[in-house]
Amino acid sequence: MTLALGLFAAALTIASFIAQTYKIVKTRDTSSLATPMWILSTVAFAVWLTYGVIRSEWPIIIPNALCFGLSAFILALKVMPRRKRDEVIDKISSQKTAAS
């Protein structure tokens with residue numbers, strides 16, 4: 001039961017970061033995001049990931065690795081210049097369209 005609760009919480013956390021990433025890719029807007037919050041979130045996920053690796057606990061490693069990747073991607077989009085952000089999003093969008 002405890003593991004199931006933890007996995008459910010992890011799934012919700014991952015879903016929230018996927019939703020934020022989707023919104024950024026769709027709107028190309030990061031102006032409402034607070035850079036310090038994304039820096040702290042990214043570092044926090046890196047620390048949780050390290051903790052999970054040290055303890056060899058996959059229920060900690062997997063969701064924190066995914067959230068670290070998503071938050072680092074969002075942070076990168078937030079701090080890069082608009083033109084570069086548009087290039088990255090165009091590349092993602094063209095790959096998604098080609099796969100369809």
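Numbering starts at 1 and runs along the sequence shown.
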- Task: Establish whether Met37 and Ile74 are linked, either directly or via other cluster members, by ILVMFWY side-chain heavy-atom contacts under 4.5 Å.
- Result: yes

- Looking only at heavy atoms, the pair that brings Lys78 and Thr35 closest together is CE-OG1, 3.1 Å

- Task: Report the distance from atom CE of Met80 to atom CD1 of Ile89, rounding to the nearest 0.5 Å.
- Result: 8.5 Å

- So if you build clusters from Ile, Leu, Val, Met, Phe, Trp, Tyr with side-chain heavy-atom gaps below 4.5 Å, do Ile92 and Val79 land together? yes

- Minimum heavy-atom separation for Arg85 to Thr30, with atom names? NH1-OG1, 3.2 Å

Please tabulate, one pair per line, all N/O donor-acceptor pairs under 3.5 Å involving side-chain atoms of residues 61-68, not counting sequence neighbours.
unit_1: Asn64; atom_1: ND2; unit_2: Ile60; atom_2: O; d: 2.8

- Task: May I ask you to test the Leu33-Gln20 pair for a side-chain heavy-atom distance under 4.5 Å?
- Result: yes

- Query: Of all residues at least two apart in sequence or in a different chain, which pass the ring-ring contact (aromatic ring centres under 6.0 Å, His included) check with Phe73?
  - Reply: none

- Contacts of Arg55 meeting side chain to side chain contact (heavy atoms under 4.5 Å, CB included) (sequence neighbours excluded), chain-then-number -> Tyr51, Glu57

- Query: Does Arg28 have any salt bridge (charged side-chain N to carboxylate O under 4.0 Å, His left out) partners at least two apart in sequence or in another chain, and if so, which?
  - Reply: Asp86, Asp90

- Query: Honestly curious: do Val47 and Leu40 fall in one hydrophobic cluster under the side-chain, below-4.5 Å linking rule?
  - Reply: no

Residues 9-18, side-chain donor-acceptor partners within the protein, below 3.5 Å, at least two apart:
unit_1: Thr13; atom_1: OG1; unit_2: Ala9; atom_2: O; d: 3.0
unit_1: Ser16; atom_1: OG; unit_2: Thr13; atom_2: O; d: 2.7

- Message: Give me each pair satisfying side chain to side chain donor-acceptor pair (under 3.5 Å) with a member in residues 37-49, each pair once, sequence neighbours excluded.
- Response: Thr42-Ser71

- Query: To the nearest 0.5 Å, what is the distance between CG (Asp29) and CD1 (Ile24)?
  - Reply: 8.5 Å

